[in-house]
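In what follows, chains are A, B, ... by sequence order, proteins preceding strands, each numbered from 1.
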Number of protein chains: 2
Amino acid sequence: MTIKHYLPGIMMKDSNETNDLQKAGLKATLPRLKILKFLESTDIRHLSAEDVYKSMLDSGDEVGLATIYRVLTQFESAGLVTRHHFEGGHSVFELNEGKHHDHIVCVKCGKVEEFYDETIEERQHVIADKNGFNITDHALTIYGICSDCK
Amino acid sequence: MTIKHYLPGIMMKDSNETNDLQKAGLKATLPRLKILKFLESTDIRHLSAEDVYKSMLDSGDEVGLATIYRVLTQFESAGLVTRHHFEGGHSVFELNEGKHHDHIVCVKCGKVEEFYDETIEERQHVIADKNGFNITDHALTIYGICSDCK
DNA sequence: TGTCCAAATGCGAAATATTCTCATTCTTAT
DNA sequence: ATAAGAATGAGAATATTTCGCATTTGGACA
C-alpha cells in the first residue's frame with residue numbers, strides 16, 4: 001500500500017518496511033512485511049514467536065509459525081530485533097528501536113522495565129578487554145520483585 | 001559411607017554432602033548425594049541436565065534423567081546451584097561455590113569465563129531502587145569473541 | 001533394629017519450544 | 001511476462017523439560 005500518489009512532488013518508496021527489509025538484505029516478502037509491521041504497531045515490547053503468531057492470527061494476518069521463527073531469526077541477524085532469554089526457557093523478541101537498554105524483570109508478575117546505565121556499559125568493555133574478548137553483545141537482566149508485587 | 005571410625009576423637013558427620021542436603025532441607029537420598037558429589041568432583045563448571053546425566057552414566061552412576069531435572073531444580077531452589085540461560089535455549093547449571101560472579105561467553109567456541117565487578121554490582125542495586133524493585137537475582141552475560149577465536 | 005508413611009525415584013508419556021523437509025508459491029532481475 | 005532461486009506453509013521431527021503413577025527409599029519412632 002503506497003501513499004506516494006497522495007503526496008505529489010515527494011518521491012516516496014513503497015513503504016518504510018519494504019525499505020528496512022531491503023537495507024537489511026532481506027527480500028520484501030509479504031510475511032516479512034506483515035511481521036515487521038506487526039512488531040512496529042504493537043505496544044507489547046517482548047513477544048515470543050508464539051505470541052507473534054497468535055496476535056497476527058487474531059488481526060487476520062495468518063503467517064505460519066515456522067515462518068515466524070525463521071523470520072524472527074533473520075530479523076535478529078539483521079539487527080532489526082533482539083532475542084532475549086528471560087526466565088522460562090523460551091525466547092522473546094523485541095523490536096530494536098531507539099537505543100540499547102537492559103531489563104529488570106519482576107519474578108512474580110513478569111513485568112519488564114527497561115534501563116540504561118552508562119557506568120555498567122563502560123565496565124563491560126573494560127572486563128571484555130581484560131579477558132581478551134571483543135564484545136559482540138551482552139545481556140544483563142536483573143530479577144526482582146516489583147513495587148506492585150511486594 | 002562414614003569415615004568417623006578412622007578419626008577417633010573427632011565427631012564427624014556422615015559426609016559433607018549429606019549434611020549440605022539436610023541443611024538445605026532436602027532428604028539425603030542416594031540420587032541427590034550422587035548428583036551433588038558429581039557436581040563437586042567435575043571440573044566442568046557449566047553443565048546441562050543431559051550433560052550431568054551422561055557423565056554420571058559414564059562413571060557408572062545411573063540416575064534417571066527426570067530425577068536429574070528434578071534434583072537440579074531443587075538444588076537451585078536451595079541455593080546449591082545456579083541455573084543459567086546462555087544462548088542455545090537450554091539451561092545449564094553451575095555449582096555454587098565461592099562468590100557470586102557473572103560470565104563472558106565466546107559466541108564462537110562457547111568458552112565461558114567468569115568475572116566479578118563491584119561497580120556493576122553496585123549500579124544494579126541503584127537501578128533496582130530507582131525502579132522500585134527488590135533484587136532477587138541478576139544475570140549478566142557478556143557475549144563476544146575470545147582471543148583464541150579472533 | 002524393624003516398621004511405617006511420606007517423600008523420592010524411574011520410566012514412559014506428554015507438553016513445549018524450535019527446527020527441518022520438501023512441495024508449492026512468491027520475488028525479483030531480466 | 002518469464003525463469004531461477006529464494007521463501008513459505010504444513011506437518012514431521014527434534015530437543016528439552018515436565019508430568020503421572022507404580023514402586024522404592026529414607027528416616028522417625030516404637
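Position along DNA chain D of the nearest nucleotide to A:Val71 versus B:Val92 favours A:Val71 as the more 5'-ward residue. Residues B:Ala49 and A:Pro31 each lie close to DNA chain D; by heavy-atom proximity, the contact nearer the 5' end of the strand is made by A:Pro31.
We find that CG of A:Leu30 is positioned 12 Å from C1' of C:dT25, with the value rounded to whole Å. Rounded to whole Å, atom P of C:dT19 lies 13 Å from atom NE2 of B:His90. Put simply, CG on B:Leu26 is 15 Å from C1' on C:dA6, counting in whole angstrom units. Atom P of nucleotide C:dA15 and atom CD of A:Glu50 are separated by 15 Å, given to the nearest angstrom. Between the NZ atom of B:Lys27 and the P atom of C:dC5 there is a distance of 14 Å, given to the nearest Å. Regarding B:Asp61, its CG atom lies at a distance of 11 Å from the P atom of C:dG10, rounded to whole Å.
Between the side chain of B:Asn96 and the backbone N or O of B:Gly79 there is at least one donor-acceptor pair closer than 3.5 Å. Without hydrogens or angle criteria, A:Thr42 side chain to A:Ile44 main chain gives a donor-acceptor distance under 3.5 Å. Judged by distance alone, the side chain of B:His85 and the main-chain N or O of B:Arg83 form no donor-acceptor pair under 3.5 Å.
Between the side chains of B:Arg70 and B:Thr73, no donor N or O sits under 3.5 Å from an acceptor N or O. Side-chain atoms of A:His90 and A:Glu50 include no donor-acceptor pair closer than 3.5 Å.
Among the protein residues, B:Arg70 comes within range of the nucleic acid bases, having at least one heavy atom under 4.0 Å from a base atom. Nucleic acid contact for A:Ala28: sugar-phosphate only, since backbone atoms but no base atoms lie under 4.0 Å from a heavy atom of the residue. In this structure, B:Gln22 reaches the sugar-phosphate backbone alone: every heavy-atom distance under 4.0 Å involves primed, P, OP1 or OP2 atoms, never a base. At the heavy-atom level, A:Ser91 lies under 4.0 Å from the strands shown only through sugar-phosphate atoms.
More than 12 heavy atoms of other residues, nucleotides or ligands sit less than 6.0 Å from atom NZ of B:Lys150.
For C:dA8, neither phosphate oxygen OP1 nor OP2 lies less than 4.0 angstrom from any side-chain nitrogen or oxygen of B:Thr67. For C:dT19, the OP1/OP2 oxygens have no side-chain nitrogen or oxygen of A:Tyr69 closer than 4.0 Å.
When distances run from any side-chain atom of A:Leu65 to the nucleotides C:dG10, C:dA8, C:dT18, the shortest one goes to C:dT18.
Between chain A and DNA chain D, the heavy-atom contact criterion of under 4.0 Å yields a 5' to 3' nucleotide range of D:dG5 to D:dG11.
Residue pairs that meet the ring pair (Phe, Tyr, Trp, His ring centres under 6.0 Å) test with at least one member in residues 20-52 of chain A, sequence neighbours left out, are A:His46-A:His84, A:His46-A:Phe86, A:His46-A:His103.
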